[in-house]
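Structure first, commentary second.
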Amino acid sequence: MNKFPENTAKQETTASSGEEAVSTNFIRSIIASDLKSGAPAKKVVTRFPPEPNGFLHIGHAKSICLNFGLAAEFGGVCNLRLDDTNPIKEESTYAEAIMEDVRWLGFDWENRLYYASDYFEQLHEFALRLIRAGKAYVDDLSPEQIREYRGTLTEPGRESPCRNRTVEENLDLFARMRAGEFPDGSRVLRAKIDMASGNLNLRDPVMYRILNAPHHRTGDVWCIYPMYDFAHGQSDSIEGVTHSICTLEFEDHRPLYDWFLDQLEIHHPRQIEFARLNLSYTVMSKRKLLELVREKHVDGWDDPRMPTLTGLRRRGYTPGAIRDFCRRIGVAKRESTVDVGLLEHCLREDLNESAPRRMAVLNPLRLVITNYPEGRNEEFEAPNHPQKSEMGTRKIPFARELYIERDDFMEDPPKKYFRLSPGREVRLRYAYIVRCDEVIRDEATGEVVELRCTYDPTSRGGAPADGRKVKGIIHWVSAAHAVSAEVRLYDRLFRKENPTGDRQEPDYRAHLNPDSLEVLTDCRVEPELGKSPQESRYQFERLGYFCVDSRDSAPANPVFNRTATLRDSWAKAGQA
RNA sequence: UGGGGUGUCGCCAAGCGGUAAGGCACCGGACUCUGACUCCGGUAUCCCAGGUUCGAAUCCUGGCACCCCAGCCA
């Protein structure tokens with residue numbers, strides 16, 4: 001029985017406007033002034049338009065928070081639209097995963113789930129209109145020829161010989177394209193704009209291509225599919241989107257979208273571009289993430305080291321922490337790379353509040369209290385949170401034989417080390433003060449295998465009888481009562497801050513961190529942790545935040561993932 | 001010799017002519033039965049050069065640097 005329903009996956013908080021505001025951003029200003037002047041409409045409509053060809057990552061979270069957040073802030077709505085115009089790359093399993101992730105992040109598109117494929121018929125009609133208006137033509141050039149004819153960045157392109165076909169001929173050819181008379185790549189429908197434009201997007205861009213491939217939603221109804229550029233702007237228009245928020249690379253596509261919208265004389269959303277999120281020590285492009293999965297550098301899209309939402313979730317991140325992160329990074333047009341430390345900070349801030357405390361020993365070292373009666377047991381009632389008594393308490397069994405962390409003992413400690421060492425005293429958290437009297441080692445290897453200590457019975461739960469102070473406090477677990485567990489220690493996936501920016505070694509995969517995962521199989525955790533539901537999160541005192549692995553953990557063999565360490569000023573000082 | 005963008009603290013980011021917010025990180029210190037949390041305190045003159053102005057990060061001119069665009073990908 002889990003006492004902390006707010007700590008389980010089912011009851012995650014949803015995004016609300018109650019989260020405190022940070023500084024404003026340029027998009028908010030634009031919308032506010034549009035609203036004031038009554039520019040596009042009274043009601044703000046935004047949309048989050050992913051392509052269902054991969055999993056969502058933290059960069060998408062920025063866009064999701066932005067689009068849903070802005071809509072909520074201005075009393076409007078945000079649609080979820082799957083941009084599925086390329087049947088070769090898209091799958092419905094991705095679409096489902098996307099919906100699950102957006103929901104998990106805390107956003108609700110209500111009944112406004114759309115697909116670009118919903119508009120295929122309408123888009124086709126738009127294409128026909130442009131053909132009839134003499135603004136589009138069927139081109140027989142091969143893909144290679146089209147590229148040659150396009151010119152270069154500094155030289156204008158040349159017009160295709162097919163450019164001046166009659167409307168009738170174009171209509172006929174386009175109909176036959178749709179009817180499936182031609183093989184893939186043999187013909188395309190192009191917009192007739194300007195082959196000399198400095199903006200390559202306007203050099204007669206392809207609107208439709210022939211793809212004899214089944215689509216995950218429309219099956220084999222179509223064998224011609226609209227290009228993203230021909231579908232996206234019109235899809236936004238059809239949905240009545242007032243503000244089409246997208247990333248920087250679409251800035252020079254905007255004139256093209258404007259052109260289509262103007263020719264078609266349909267509703268004209270305002271497109272606003274912002275810089276996509278980059279995070280230090282990871283990669284964010286879908287192509288690279290797919291590669292990491294396919295080449296088995298990670299365990300799958302939900303590997304806890306992945307920056308995917310599903311990976312972060314399995315790692316133990318909370319939706320609230322991710323939303324807070326997205327709020328704090330801001331929105332602007334300059335390219336930037338956010339320090340992953342900020343993400344971790346948001347996580348710790350959230351989990352510090354919500355995660356119940358537990359004791360767990362990762363690298364056990366046996367400790368025997370020689371003056372504690374054999375066979376005796378007692379229980380300590382420990383608070384689940386040091387500052388929040390409303391989170392309750394739980395009982396922790398104590399006995400003569402315990403395990404402590406190997407790191408909490410040093411035979412020859414440096415200055416200012418106030419954990420256990422021969423002849424020194426330390427407090428066992430919530431229990432007694434013990435003194436180390438003797439060190440037992442393995443005769444063969446010399447390795448320390450056990451500590452013999454004596455405890456001070458007067459120190460139970462408070463200062464000892466003589467009032468002496470003990471600076472060091474360590475965590476422990478009763479040897480007889482502890483539950484065995486596997487713990488997976490995760491670290492950053494790459495050892496370079498910018499894995500893709502190294503001139504010496506351009507292959508980002510060469511910068512993978514070989515130590516990004518360390519599996520500990522002989523951990524001992526307090527009994528209470530044996531009952532943890534999947535995905536529940538805890539703070540293991542003095543160690544960090546951990547969550548129950550959603551895939552591999554079982555009641556008999558619990559598996560914990562380390563979400564993040566606690567800040568550690570001792571380790572940082574280089575002492576440990 | 002094309003087009004489109006961007007340059008404010010180590011990393012993000014406000015600022016919109018009136019004399020540089022905030023967050024993260026970092027460095028001190030207080031507190032503490034988590035070396036956690038919390039709490040105090042500390043750290044920039046705005047890519048460069050001219051100009052306009054009583055006054056410029058904000059306006060003008062000229063440079064420089066970086067990013068994106070030549071998929072029948074999105």
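To find a chain, count down the sequence lines: A is the first, B the second, and so on, and within it residues start at 1.
- For the pair His385(A) and Asp339(A), both in contact range of RNA chain B, the more 5′-proximal nearest nucleotide belongs to Asp339(A).
- Remark: U19(B) base-pairs with no nucleotide in the shown strands. Criterion, Watson-Crick or G-U wobble with two distances under 3.5 Å.
- The side chain of Leu342(A) has C24(B) as its nearest neighbour among G71(B), A14(B), C24(B).
- A 3.5 Å limit on both hydrogen-bonding distances identifies no Watson-Crick or G-U partner for C37(B).
- Listed nucleotides: A70(B), U34(B), C12(B). Nearest to the side chain of Arg150(A): A70(B).
- Taking 3.5 Å as the limit, the base of G35(B) and the side chain of Arg419(A) contain a donor-acceptor pair of atoms between them.
- Counting atom types as modelled, Gln539(A) pairs a side-chain N or O with a base atom of U34(B) as donor and acceptor under 3.5 Å.
- Between the side chains of Ser280(A) and Glu497(A), no donor N or O sits under 3.5 Å from an acceptor N or O.
- Side-chain contact of Tyr432(A) with Glu378(A): a donor-acceptor pair under 3.5 Å is present, judged by distance alone.
- Rounded to whole Å, the distance from CD on Glu344(A) to P on C12(B) is 16 Å.
- Using N1 to N3 plus N6-O4 or O6-N4 for Watson-Crick, or N1-O2 and O6-N3 for G-U wobble, each under 3.5 Å, U52(B) pairs with nothing.
- Neither side chain, Tyr281(A) nor Asn498(A), offers a donor N or O lying under 3.5 Å from an acceptor on the other.
- The CG atom of Asn86(A) sits 12 Å away from the P atom of C72(B) (whole-angstrom rounding).
- In this structure, G71(B) shows a glycosidic angle within 90 degrees of zero, which is the syn conformation.
- Taking the side chain of Pro386(A) as heavy atoms from C-beta on, and the options U34(B), C72(B), A74(B), the nearest nucleotide is U34(B).
- For the pair Phe250(A) and Leu200(A), nearest-nucleotide mapping onto RNA chain B gives the more 5' position to Leu200(A).
- Which of G2(B), G3(B), U6(B) sits closest to the side chain of Asn199(A) comes down to G3(B).
- Taking atom CD on Glu144(A) and atom P on G71(B), their separation rounds to 11 Å, with Å as the unit.
- Taking only distance into account, the side chain of Arg567(A) never meets the base of U34(B) through a donor-acceptor pair shorter than 3.5 Å.
- Remark: the backbone N or O of Lys288(A) is paired with a side-chain donor or acceptor of Ser285(A) at under 3.5 angstrom.
- Considering only side-chain atoms of Glu249(A), the nucleotide from G5(B), C68(B), G35(B) that sits closest is C68(B).
- Pairing partner, C66(B): G5(B), with both Watson-Crick or wobble hydrogen-bond distances short of 3.5 Å.
- Nearest to the side-chain atoms of Thr24(A) among the listed nucleotides U6(B), G35(B), G15(B) stands G15(B).
- Here A74(B) is the nucleotide among A13(B), A36(B), A74(B) with the atom lying nearest to any side-chain atom of Glu51(A).
- Between Asp236(A) and Arg81(A) there is a salt bridge, since at least one side-chain N of the basic residue sits less than 4.0 Å from a carboxylate O of the acidic one.
- Relative to the side chain of Lys572(A), the nucleotides G5(B), C26(B), U32(B) differ in distance, and C26(B) lies closest.
- The side chain of Arg542(A) approaches U34(B) more closely than any other nucleotide in the set C72(B), A70(B), U34(B).
- To the nearest 0.5 Å, atoms CD (Gln145(A)) and CZ (Arg147(A)) are separated by 10.5 Å.
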